Participant: 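Structure provided below as structure tokens; questions to follow.
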Amino acid sequence: MDHIEIEKKWRERWEKDGVNTFHEGGDKHYVLEMLPYPSGAKLHVGHWYNYGLTDSYARFMRMNGKNVFQPMGFDAFGLPAENYAIKTGIHPKDSTDANIATMERQLRDMGIMFDWSHEFYTCAPDYYKWTQWLFLQLYKNGLCYQKKAPVNYCPSCQTVIANEQVVDGKCERCKTEVVRKEMTQWFFKITDYAERLLQGLDGLDWPEKTKTMQRNWIGKSVGGEVVFDLEKPTADANAIRVFTTRADTLLGVTYVVIAPEHALVPVLTVPKQKKAVEKYVAEAAKRSEIERTSTSKDKTGVFTGSYCINPLNGKKVPVFVADYCLSTYGTGAVMGVAAHDTRDYAFAKKNGLEIVRVIRPADGEGELPFTEYGVMTNSGKFDGLTSEEGKAAVLEELEKLGHGGKKTNYRMRDWSVSRQRYWGAPIPVIYCEHCGTVPVPEKDLPVELPYDVNFTPDGKSPLARSEKFVNTVCPICGKPARRETDTLDTFVCSSWYYLRYPDAHNDKAPFDKKRVNALLPVDCYVGGAEHACGHLLYSRFITKVLHDLGYLDFDEPFKRLVHQGVILGPDGYRMSKSRGNVISPDPIVQKYGSDALRLYMMFGFDYTEGGPWSDGGIQSCARFMDRIERIADDVTNVKADATADDALDYELNYCIKQVSADIPAFGFNTAVARCMELVNAMYKYRAGKECSLPYLKHVLGVLVKVMAPLAPHFCEELNERLGGKASLFDQSYPVCDERKLVRAETEYAVQINSRVKCKVVLPQGLAAADVQKLALENAEVKELIGGATPKKIIVIPERLINIVL
RNA sequence: GCGAGCGUGGCGAAAUUGGCAGACGCGCCGGACUUAGGAUCCGGUGGGUAACCGUGCAGGUUCAAGUCCUGUCGCUCGCACCA
């Protein structure tokens with residue numbers, strides 16, 4: 001069979017007959033793969049693994065009566081295209097369009113049943129118009145705000161660069177040391193949804209690992225806030241607030257630490273300490289950029305010269321600035337309990353601070369620092385309480401005193417959506433001297449990205465230099481005003497795209513409410529695990545926001561999530577251009593056909609594990625198809641007949657049953673193995689004396705349906721050759737006849753003292769007592785027991801008998 | 001450092017979830033058909049002559065452990081001073 005030829009033929013046939021066209025109604029099943037970024041590197045085998053195998057799942061669901069919706073589009077904004085433009089001068093839009101054309105051709109060659117009429121590109125104005133609309137909804141509802149935040153800035157390239165472009169603190173392109181720069185940026189208030197994002201995880205059919213990662217990322221921690229009054233209040237401040245999970249240790253506080261970036265640093269620093277503190281803060285700013293992650297185990301810090309008051313006992317404690325306290329978590333200040341925290345202990349030792357024990361183990365003293373829960377001591381009226389009781393009691397007391405109380409903290413921070421970049425959706429905001437920050441009215445969307453801009457880096461983004469773009473009029477007062485020149489993070493574009501597919505060309509709204517509520521949530525979402533705390537979290541957030549605003553009936557976008565494993569290069573390393581170990585699917589498809597590639601990707605790996613690519617396996621799958629074709633050659637001209645051979649009929653139904661369970665569980669490797677077993681049985685049958693070609697043809701006809709989701713073109717071709725008229729994908733999947741799996745006899749393994757000694761054949765379906773009785777009557781078993789009296793006999797129905805002597 | 005996951009033949013991997021370890025395939029060995037085969041078909045293939053031994057290593061629970069528990073080593077991923 002010329003696979004290239006027949007694959008082309010069937011793709012054209014499907015197209016012509018509208019086999020892949022989605023019609024609304026019925027028992028919908030929305031299958032979605034994470035949409036690709038159109039890079040110049042084209043599709044690699046990893047995309048195939050993701051899209052090709054998920055398509056097999058989708059085809060299976062379709063043959064099982066589901067009305068499957070499986071769309072595809074392109075996540076087309078982003079940094080690589082812009083960097084490419086800086087390097088080559090080729091406009092991002094042009095290179096992106098070209099890449100999309102190539103990738104779309106490759107995707108079509110895969111033979112996936114995408115309904116292309118729902119396709120979109122996130123970089124097209126008719127899509128990003130609605131990304132901007134989304135921004136405005138968040139803005140209007142208080143979920144979007146501006147604040148100053150640090151960005152990475154390369155002084156040589158004169159541009160802001162992304163975190164992933166910073167390698168060892170240096171710019172990946174020019175190796176210049178990157179500096180931190182404070183800039184005003186837009187944020188989405190994802191932290192408002194922290195608790196719901198956490199709670200919602202429980203009901204999702206997602207990999208536990210991914211849920212755990214999101215839980216850790218959200219980082220809920222239940223504790224309390226303590227207010228330390230300043231010894232000398234000023235006009236600017238009168239107290240330091242700290243967050244703690246160990247309120248039971250409050251009476252052991254011997255100092256308080258604030259982060260170098262804390263607003264109170266200048267307020268609390270006394271003139272005598274000014275020089276030392278300023279020097280420390282400057283050094284910390286540098287360190288946090290370059291080596292914060294690896295080394296700074298050393299607990300450094302300097303005294304501000306000021307003191308604050310422990311609200312519980314009125315004790316005066318010194319305030320330090322130290323970089324082991326993070327400005328980004330909690331209140332940016334912590335209480336120092338040297339006796340019960342390893343970091344505080346190290347800091348106190350180094351700075352000669354007092355160490356006061358207030359918790360002891362339930363028995364004895366134990367060494368310091370003692371960081372576990374125990375019993376309160378040296379704590380006056382709290383003495384004797386357990387840590388658990390003490391936490392509650394202390395926080396209650398603080399509340400009475402008006403100096404704190406219970407508080408829950410989340411590690412997650414708000415989502416920064418500003419990018420000082422050209423190739424993204426412009427943020428729809430206008431700055432007016434008279435009216436201030438003004439959102440672009442919805443009727444004026446989209447704010448179009450100008451094509452004609454200059455990419456040479458000179459300290460401003462290309463958008464900021466485009467006078468035509470920047471200069472506008474204020475929508476309120478009509479006077480000259482300037483546009484925001486930052487663009488949106490591409491994760492904003494991809495945070496709502498699954499809502500666009502059902503109604504991809506709607507120019508009145510981002511989606512039709514009825515249609516979206518009918519088709520969503522996504523029933524099965526498949527993509528890489530690396531998006532656990534990015535895209536997958538943002539999408540959940542946006543869905544919840546749109547739900548709360550009344551646009552959606554559901555508040556979780558993806559019911560079931562599956563991660564495909566990573567296909568590594570033949571050398572066992574992640575595929576990369578620099579390693580030169582990238583496997584391109586194109587030559588493989590040209591040589592063996594896309595079905596052979598698909599089968600191999602299924603057969604060679606555990607889907608969620610992935611693994612190194614190997615060339616050898618692909619031939620085995622091509623050979624497997626040849627074996628099936630050879631049977632087809634034998635039976636093409638006979639009339640099919642279902643007069644059964646018991647042994648082969650058993651194999652056939654066993655295969656149907658197993659494959660039907662494997663495919664929805666993404667167990668493709670075993671599904672293919674079961675089909676191979678059936679083909680082996682067919683060969684055995686064909687070689688036997690009792691072989692009936694009409695029956696063999698019947699079995700082949702069923703196999704072709706069973707395998708249709710796994711090798712769609714090939715199976716369609718065989719089906720046609722066997723006399724089938726309609727497309728297999730408009731037919732039902734074979735159903736296992738359980739009666740055919742009932743056999744008269746079962747072979748039991750007989751164990752003596754837990755070791756298999758022999759086998760006995762007994763009728764199927766016996767009660768345990770009868771199994772035991774018959775087994776003990778067996779001559780071989782009798783001999784093995786040799787007259788000894790069994791102490792205990794365990795019978796596992798249809799499996800084994802264990803006789804303990 | 002913390003958290004999660006993994007470790008099974010020469011290789012990719014299976015194992016009804018505590019019940020005959022190694023399905024299926026690659027590779028290898030042998031046979032058939034052949035002028036020939038790197039095509040195809042059939043058979044064999046964890047180790048050991050054997051009793052037996054075998055799922056990283058050491059223990060434990062159990063009639064029974066790849067599967068559960070404890071410890072340990074190694075690898076991968078995620079988070080990295082989170083108070």
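Nothing here was measured: the structure is a model prediction, and the numbers come from that model.
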Participant: Measure from NZ on A:Lys220 to P on B:A83 and round the result to the nearest Å.
Facilitator: 14 Å
Participant: Can you identify which nucleotide, out of B:C26, B:A14, B:G12, has its nearest atom closest to the A:Asn669 side chain?
Facilitator: B:A14
Participant: Taking only side-chain nitrogens and oxygens of A:Arg343, does any of them come within less than 4.0 Å of OP1 or OP2 of B:C82?
Facilitator: yes
Participant: Does the ring center of A:Phe320 lie less than 6.0 Å from the ring center of A:Phe347?
Facilitator: yes
Participant: With sugar-phosphate meaning primed atoms plus P, OP1 and OP2, does A:Arg755 contact a base, only sugar-phosphate, or nothing at under 4.0 Å between heavy atoms?
Facilitator: sugar-phosphate
Participant: Could you tell me whether A:Tyr683 contacts a base, only the sugar-phosphate backbone, or nothing, with contacts defined as non-hydrogen atoms closer than 4.0 Å?
Facilitator: sugar-phosphate
Participant: When you measure from the side chain of A:Arg627, which nucleotide among B:C42, B:C20, B:C81 comes out closest?
Facilitator: B:C42
Participant: Using a 90° cut-off around 0 for syn, call B:G9 syn or anti.
Facilitator: syn
Participant: Answer with base, sugar-phosphate or nothing: what part of the nucleic acid does A:Thr245 contact at a heavy-atom distance below 4.0 Å?
Facilitator: sugar-phosphate
Participant: Rounded off to whole Å, could you give me the CZ-to-C1' distance for the A:Phe605 and B:C11 pair?
Facilitator: 13 Å
Participant: If I pick the C1' atom on B:A51 and the same atom on B:C6, what distance separates them, to the nearest angstrom?
Facilitator: 36 Å
Participant: Mind checking if A:Arg630 touches a base, just sugar-phosphate, or nothing, with heavy atoms under 4.0 Å?
Facilitator: sugar-phosphate
Participant: Can you tell whether the side chains of A:Glu651 and A:Lys684 come within less than 4.0 Å, N to carboxylate O?
Facilitator: no
Participant: Could you tell me whether A:Arg627 atom CZ has more than 12 heavy atoms of other residues or ligands within 6.0 Å of it?
Facilitator: yes
Participant: So with a 6.0 Å cut-off around NZ of A:Lys406, is the heavy-atom count from everything else above 12?
Facilitator: no
Participant: Counting heavy atoms from C-beta on, name the nucleotide in B:A83, B:C24, B:C63 closest to the side chain of A:Ser221.
Facilitator: B:A83
Participant: Where the side chain of A:Ala749 is defined as all heavy atoms beyond and including C-beta, which of B:C52, B:C26, B:C20 is the nearest nucleotide?
Facilitator: B:C20
Participant: For the pair made of CE in A:Met707 and C1' in B:C24, what is the distance, rounded to whole Å?
Facilitator: 13 Å
Participant: Go through B:A83, B:A64, B:G3 for me and flag the one nearest to the A:Asn216 side chain.
Facilitator: B:G3
Participant: Nearest of B:G25, B:C20, B:A64 to any side-chain atom of A:Asn802?
Facilitator: B:A64
Participant: Closer than 4.0 angstrom, basic N to acidic O: yes or no for A:Glu738 and A:Lys657?
Facilitator: yes
Participant: Contact class for A:Gln619 (heavy atom, under 4.0 Å): base, sugar-phosphate, or nothing?
Facilitator: nothing
Participant: What interatomic distance, in whole Å, is found between C1' of B:U61 and the corresponding atom of B:C68?
Facilitator: 8 Å
Participant: Give the nucleotide from the list B:A83, B:G3, B:G19 with an atom nearest to the side chain of A:Ile794.
Facilitator: B:G19
Participant: Kindly check if the number of other-residue, nucleotide or ligand heavy atoms within 6.0 Å of NZ (A:Lys349) is above 12?
Facilitator: no
Participant: Which whole-number value in Å describes the distance from A:Glu677 CD to B:A23 C1'?
Facilitator: 6 Å
Participant: Please measure how far the P atom in B:U34 lies from the corresponding atom in B:G19, and state the result in whole Å.
Facilitator: 50 Å
Participant: Among B:A23, B:A83, B:G19, which nucleotide sits nearest the side chain of A:Leu800?
Facilitator: B:G19
Participant: Roughly, in whole Å, what's the span from NZ in A:Lys757 to P in B:A64?
Facilitator: 15 Å
Participant: Taking the minimum atom-to-atom distance to the side chain of A:Met676, which one of B:C20, B:C42, B:C24 wins?
Facilitator: B:C24
Participant: Report yes if a donor N or O on one partner sits less than 3.5 Å from an acceptor N or O on the other, where the partners are the side chain of A:Lys791 and the base of B:C63; otherwise report no.
Facilitator: no
Participant: Could you give the distance separating B:G66 and B:G38 at their C1' atoms, to the nearest angstrom?
Facilitator: 38 Å
Participant: Searching all strands shown, indicate the nucleotide that pairs with B:G74 (Watson-Crick or G-U wobble; both distances under 3.5 Å).
Facilitator: B:C6
Participant: Establish, for the pair A:Arg686 and A:Tyr683, whether the NZ or CZ atom is under 6.0 angstrom from the six-membered ring centre and no further than 45 degrees off its axis.
Facilitator: yes
Participant: For the side chain of A:Asn680, starting at C-beta, report the closest nucleotide among B:C24, B:C20, B:A13.
Facilitator: B:C24
Participant: In the structure shown, which nucleotide is the Watson-Crick or G-U wobble counterpart of B:A32, with both distances under 3.5 Å?
Facilitator: B:U40
Participant: Would you mind classifying the nucleic acid contact of A:Lys657 as base, sugar-phosphate or nothing, using non-hydrogen atoms under 4.0 angstrom?
Facilitator: nothing
Participant: Would you mind pulling out the nucleotide paired to B:C11, Watson-Crick or G-U wobble, both distances under 3.5 Å?
Facilitator: B:G25
Participant: Can you check the A:Leu326 CG to B:C79 C1' distance for me, whole Å?
Facilitator: 13 Å
Participant: Look through every strand shown and name the nucleotide pairing with B:G19 as Watson-Crick or G-U wobble, where both distances are under 3.5 Å.
Facilitator: B:C63
Participant: Roughly how far apart, to the nearest Å, are B:A15 and B:A21 at atom C1'?
Facilitator: 7 Å
